[in-house]
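Only one structure is covered here, and it is reproduced in the block below.
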2 protein chains.
Amino acid sequence: METGVTSDSPSKAARATTLSDVAAAAGVSMATASKALNGKRGVNPSTRARVEQAAQDLGFYPNQQARSLMFGRSGSIGLLTTDLEGRFSLPILAGVESALRDGEAVAIMANASGSAEMVDRHVHALLSRRVDGIIYVARGTEPVLPLPDSIKVPVVYAYGPSTDADDVSIVADHRGCGRLAVDHLIDVGCRAIAHIGGPDDPATIGYMAARLRARGTLDGLAARGMDPVLNRPLFGDWTEAWGWEAVEQLLARDVEFDGLVCANDQIARGAIDCLAARGMRVPTDVAVIGFDNWAPVAQTARLPQSSVDMNLDELGRVAARAVLDPDGFPQGSTRVAGRIVARESTAHASLSTP
Amino acid sequence: METGVTSDSPSKAARATTLSDVAAAAGVSMATASKALNGKRGVNPSTRARVEQAAQDLGFYPNQQARSLMFGRSGSIGLLTTDLEGRFSLPILAGVESALRDGEAVAIMANASGSAEMVDRHVHALLSRRVDGIIYVARGTEPVLPLPDSIKVPVVYAYGPSTDADDVSIVADHRGCGRLAVDHLIDVGCRAIAHIGGPDDPATIGYMAARLRARGTLDGLAARGMDPVLNRPLFGDWTEAWGWEAVEQLLARDVEFDGLVCANDQIARGAIDCLAARGMRVPTDVAVIGFDNWAPVAQTARLPQSSVDMNLDELGRVAARAVLDPDGFPQGSTRVAGRIVARESTAHASLSTP
DNA sequence: CTGAAAGCGCTTACAG
DNA sequence: CTGAAAGCGCTTACAG
């Protein structure tokens, strides 16, 4: 649509405002303009004001690429992930992003959906953008092969640690979280606690978390001088169906229990549904807690479920700090603690004195 | 740990290999090295080979920042989102990312968790990185205020369209998807179909989608010459609890139905659970389909649920293409079609002849 | 086919 | 306090 604007020089639209435009507008040299805009001292206040005004008027954004060329750092870090679904990586990315923001850095995404070749290409792309570091979020909790060490920038492994103990890895404290879950159940009055685990098969994604969470439950019970309801946790997979079946197994074995630690929220959901179907009340008869605090399941279920939040957000923030200051971080795995999010499924009216 | 390596010059580690390093190693000028590496013609094959070898040996990655300075394009595009949870934005981002990758471009994330001021800062950060374009993924399906048009690079609005019809927006075809859902239910043999909607309150996130999906259901019914079970769809919110309650309402009204279109997967889940609790079999007595094909709910439920996948991935890819080639795209909203993902909840043995 | 020179947009010593 | 010059790493006409 033709409007009144007549001589809107086409080159104007094509080209972003540059420092020399600003300098010209303010009637100073580029050097002075640069100093003024960067708050360097030794610039006449009135000159500075003039330059700032000009920059404002022209909508000037300094070209970071040019600046990085000088500084040798790009102020961006690469976020390499192989976790397609993003279930775990997304909260981590969000954490990274927020921490970077404080340091004025920016995250460049690279989603390598699996193949080693893809990882390579993405590392290449990241490196050629001169990222100041790379955070690698692999698919699961299992240790991952480190990236080629020809990479000269700091690499931090998040969630799944590197198999190389010399690398810096930031992981979730699955085992510690198992203890938290038990403590919570005991605190709301449970006296007979069983653990329904995830997969016990090393080939399965998340196997490591399943083991550690189960271990943590046993730790927690032992610390409080209690025996688990079963001498061996039940292991299955990560699904609702398994949670349901596990409860049926418990019921069939005719053991008594009033608390269930389920290795994730979906298992917890299945367990809760099965208990309800069998006429048991949650949380009155049995309190149930899961892991991951995954909103779509734990929070939006008809019976809101208590869960151990793995603090993935914080994990991301820590990873960002680590990649920005690798020397300030210990090699090996740094564990980030989780926290209890209590909801209906453990809202026991605590049994008072026994 | 001290190893055999003695004179590993420290500056080597600090500084990435540069084109002039490569040129020196290959014994040619930078100009020639550059041409050789970029596959320009007019370079002696043996020279080219020598340069390539040197680049390989030295682990050379061309500095994109320097290249962009010349080309005037950075090969990166900004991904601005306000959808914290990432429920809808993540699949879109994945799509964008994959499409960009084909064009060798890269995505820079910027998660503005809401405030307009944050959006501003992030736009600023993106622009100073000289992104070639911005894809804005807002929180919901509602139209969003356009970014300031002082922005000189192409902006594409994804999922939630811009309120300005002159902007390029790529949205999901909620209404068309409603038709798809109905067609599917009819195809599996349903003859009495009700719609359980989302929120009817314009102030609620996703309200637009709720309306359009309901409209689509009515469209679909009309197209097949059928009346909806209720003359007005039920509206509530996006939760399981609402799905459950809606079914109770239907049952209370004593209407007959054998098919349910639920405005999202969680509503569908609640509906299915309620039907089961009331002794009705899904899908034998009632087939149920939801929207979003959200894996954690639709796919992992004990009864896997059919759903209309909004093809958010494709939406992201289209958005990426649009931002890379804005003139090739129409102003206003481009709708991306969805698709049916059939699972147990609609696995009707189709009624044969009536 | 090869290379010296200029330039992309900015910053930083170094003189004035 | 201000500005001319050199340089960050690369590419592209332009001579040779």
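Residue numbering restarts at 1 for every chain, and letters A, B, ... go by the order of the sequence lines.
Atom CZ in B:Phe71 sits roughly 9 Å away from atom C1' in D:dT12 (whole-Å rounding). Put simply, CE on B:Met70 is 10 Å from C1' on D:dA13, counting in whole angstrom units. Summarising the geometry, the separation between NZ on A:Lys35 and P on D:dA4 is reported as 11 Å, rounded to the nearest angstrom. Put simply, CD on B:Gln65 is 15 Å from P on C:dG9, counting in whole angstrom units. Between B:Leu69 atom CG and D:dG7 atom P there is a gap of 17 Å when expressed in whole angstrom units. As rounded to whole Å, 11 Å separates atom C1' of D:dC1 from atom CZ of A:Arg48. One interatomic measurement links the two molecules: CG of A:Leu19 to P of D:dA4, which rounds to 14 Å at whole-angstrom precision. Going from atom CE of A:Met30 over to atom C1' of D:dG7 covers 12 Å, rounded to whole Å.
For B:Ala31, whose side chain is taken as the heavy atoms from C-beta onward, the closest listed nucleotide among D:dG7, D:dG9, C:dA5 is C:dA5.
Contact between the side-chain N/O atoms of B:Thr18 and the OP1/OP2 oxygens of D:dC10 is found at a separation under 4.0 Å. The side chain of A:Thr32 contributes no N or O atom lying less than 4.0 Å from OP1 or OP2 of D:dT2. At the phosphate of C:dT11, OP1 or OP2 sits under 4.0 Å from a side-chain N or O atom of A:Arg67. In terms of phosphate contacts, B:Lys40 brings a side-chain nitrogen or oxygen within less than 4.0 Å of OP1 or OP2 of D:dT12. Within the structure, a side-chain polar atom (N or O) of B:Asn38 is placed less than 4.0 Å from OP1 or OP2 of D:dT11. Regarding contacts with the backbone of D:dT2, a side-chain N or O of A:Thr47 is found under 4.0 angstrom from either OP1 or OP2.
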* Structure fact -> Under the rule of Watson-Crick or G-U wobble with both distances under 3.5 Å, where | means paired to another strand and [ ] a crossing pair, DNA chain C maps to |||.||||||||.|||
* Under the salt bridge (charged side-chain N to carboxylate O under 4.0 Å, His left out) rule, what do A:Arg321 and A:Asp325 come out as? Steps first, then yes or no, please. => CA-CA 6 Å; A:Arg321 263 180 263 137; A:Asp325 172 30; over 6 Å; no
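Of all the heavy atoms in A:Ala320 and A:Val96, the pair that sits closest is CB-O, 3.9 Å. Here the shortest heavy-atom pairing between B:Tyr136 and B:Leu145 reads CE2-O, 4.2 Å. Closest approach of A:Ala33 to A:Leu19, counting heavy atoms only: CB-CD2, 3.6 Å.
A donor and an acceptor atom, one from each side chain of A:Ser162 and A:Asp164, are nowhere located under 3.5 Å apart. Side-chain polar atoms of A:Arg317 and A:Asn311 form no donor-acceptor pair below 3.5 angstrom.
Heavy-atom distances to DNA chain C give each of B:Arg41 and B:Arg130 a nearest nucleotide, and the one nearer the 5′ end belongs to B:Arg41.
In this structure, A:His124 and B:Tyr61 have perpendicular ring planes: the angle between them is above 60°, well past the 30° mark.
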